[in-house]
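Here's the structure, in structure tokens; my notes come after.
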Amino acid sequence: MRDERPGPPLTLRLPAAARAALTWAAVIACVPLLYAVTLAEQESLLPVGLPHLAFAAAMALPLVWARRRPGAVLAVLLAETLAAVVLGQPAERAWPLLPASDLLLCFVTATRPHRTGLLAATATLVAQQAAWHASLLAEGLRVLAPGFLALSALLAAGVAVAWTAGTVLRQRREYGAALRAHAEHQALTAERLRIAREVHDTVAHSIGVIAIQAGAGARVIDSRPDQARAALSAIESTGRQTLQGLRHLLGPLRDPAVTGTGAGGVEAGLADLDRLAATVTAAGVHVEVHRKGHPQVLPPAVDRCAFRVVQESLTNVVRHAAAGHCSIVLDHAPGELRIDITDDGRAPTAPAPSGGYGLVGMRERVALLNGRLAAGPRPEGGWRVTVTLPLAATRVEVR
């Protein structure tokens, strides 16, 4: 089977050394830009001032480790902001540290737990406000002037926006992860239900046939040893068929590489209906199979569902109805498959439509294919199960 997983992004396809070299190249390329945008009023672009160039490099170089250690890099940027004030650097020199800190805060909040993001936002807010007010006091300006208060509010708003954006990104990532986990859980639950239905259908039918044959053999073992021998042979054949079916069903659980049809690639379908009818007939209930319409290749889900419904119905006939005859009619109508199963047993002894796991499983199988199922006693006696399965627009692949 072809691997349908998407390939990694181009950057992840590169070797680790190449990615590191590209990161260093990008950060180094930012140094001249930072040098140009942080010139003070009386400074010129040339000649290059070495202290100024060193300060620009100090602002850029921590970004190399921003992806791997965003919290530590944020702490370095905040420390550089405070150091710029302590060293008496002009405001034009240190302003890029403020938006860089906000971007790092957003990244930390988006990729780290909620508590870590909240602590990072608090530290960023305190450091930026402390640096701003300290620079005002160093220049002898009034901190509570309306214009300066507005700039303080703008700094606080930047921190709030960065933290909010990071929180939204983190929550969306967590929500996506929760949806994927829920989908995986649903798929696992559906697979367990499928296996439970298959095991029930396979084992319940076989045990019912074996019980009937064993009882018949026990009654004639002394008077008619040939019939007793035939009953034992039927028990052996049914047991072997059941064991083979269970192996096919449970094979994928032992070997994850085997998918779809299970070990050996065998799935029960209407092609096995005559063999099933012969097994039930040998158990004492004469089964006749009639086919109408123009048989066609059925979708695998419909084929399996139809067989399991017939199998479960025959199991109920053998175990509950005390019937001597059962008729199965397969009507291949345009766009749908109709199945009618009737027996001549005692209707009051048949299972109620809402009781038992067998009918529940049958209803689930049919409903998953947008089909219809009705089960109940016949006015003339006996029991009837009618099923209609559409051949197109099935909702889910049932196995």
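Source: prediction; values computed, not measured.
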[X] to [Y] - nearest heavy-atom pair and separation:
X    : Y    : answer
A127 : L82  : O-CD2, 3.6 Å
W163 : A121 : CD1-CB, 3.6 Å
I339 : A306 : CD1-CB, 3.6 Å
A333 : Q296 : O-NE2, 4.0 Å
F107 : R67  : CE2-O, 3.8 Å
D331 : G293 : OD1-N, 4.3 Å

Is [X] linked to [Y] within one hydrophobic cluster, defined over Ile, Leu, Val, Met, Phe, Trp and Tyr using a side-chain heavy-atom separation of less than 4.5 Å?
X    : Y    : answer
V329 : V309 : no
L273 : L391 : yes
L337 : V289 : yes
I328 : V285 : yes
V85  : M59  : no

Check whether more than 12 heavy atoms from other residues, nucleotides or ligands sit under 6.0 Å from atom [atom1] of [X], and answer yes or no.
X    : atom1 : result
H185 : NE2   : no
R291 : CZ    : yes
R275 : CZ    : yes
R69  : CZ    : no
I221 : CD1   : no

Practice problem: Can you label the angle between the W24 ring and the W65 ring as parallel, tilted or perpendicular, going by 30° and 60°? | Solution: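 Correct class here is perpendicular.
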Exercise. Pick out which of V73, T23, I28 makes a side-chain contact (heavy atoms from CB on, under 4.5 Å) with V64.
Key: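 For V64, the side-chain contact (heavy atoms from CB on, under 4.5 Å) test succeeds with only one of V73, T23, I28, which is T23.
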Self-check item: Criterion side-chain contact (heavy atoms from CB on, under 4.5 Å) against V159, the qualifying member of L98, L105, T164
Solution: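 Among L98, L105, T164, the one meeting side-chain contact (heavy atoms from CB on, under 4.5 Å) with V159 is L105.
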Quiz item: Does a donor on one side chain and an acceptor on the other come within less than 3.5 Å for D102 and Q128?
Solution: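 There is such a pair between these side chains.
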Self-check item: Residues R384, D340; criterion side-chain contact (heavy atoms from CB on, under 4.5 Å); working and verdict
Solution: CA-CA 7 Å; R384 164 170 283 161; D340 188 71; 3.2 Å; yes
[atom1]/[X] to [atom2]/[Y] distance, rounded to the nearest 0.5 angstrom?
X    : Y    : atom1 : atom2 : answer
N316 : M362 : CG    : CE    : 6.5 Å
D343 : L314 : CG    : CG    : 9.5 Å
H114 : Q171 : NE2   : CD    : 9.0 Å
E336 : N370 : CD    : CG    : 12.5 Å
L368 : L389 : CG    : CG    : 11.0 Å
T124 : L155 : OG1   : CG    : 11.5 Å

Practice problem: Start with the C-alpha distance between S152 and H133, add both sets of side-chain angles, then the distance that settles side-chain contact (heavy atoms from CB on, under 4.5 Å), and finish with yes or no. | Solution: CA-CA 8 Å; S152 297; H133 288 91; 3.6 Å; yes
Quiz item: Any donor-acceptor pair under 3.5 Å linking the side chain of D303 with the backbone of L270?
Solution: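 Here the side-chain-to-backbone pair exists.
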Quiz item: What residues form a ring-ring contact (aromatic ring centres under 6.0 Å, His included) with H332, not counting sequence neighbours?
Solution: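 Residues passing ring-ring contact (aromatic ring centres under 6.0 Å, His included) with H332: none at all.
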Quiz item: Under 4.0 Å between a Lys/Arg side-chain N and an Asp/Glu carboxylate O for E174 and R170?
Solution: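 Yes, this pair counts.
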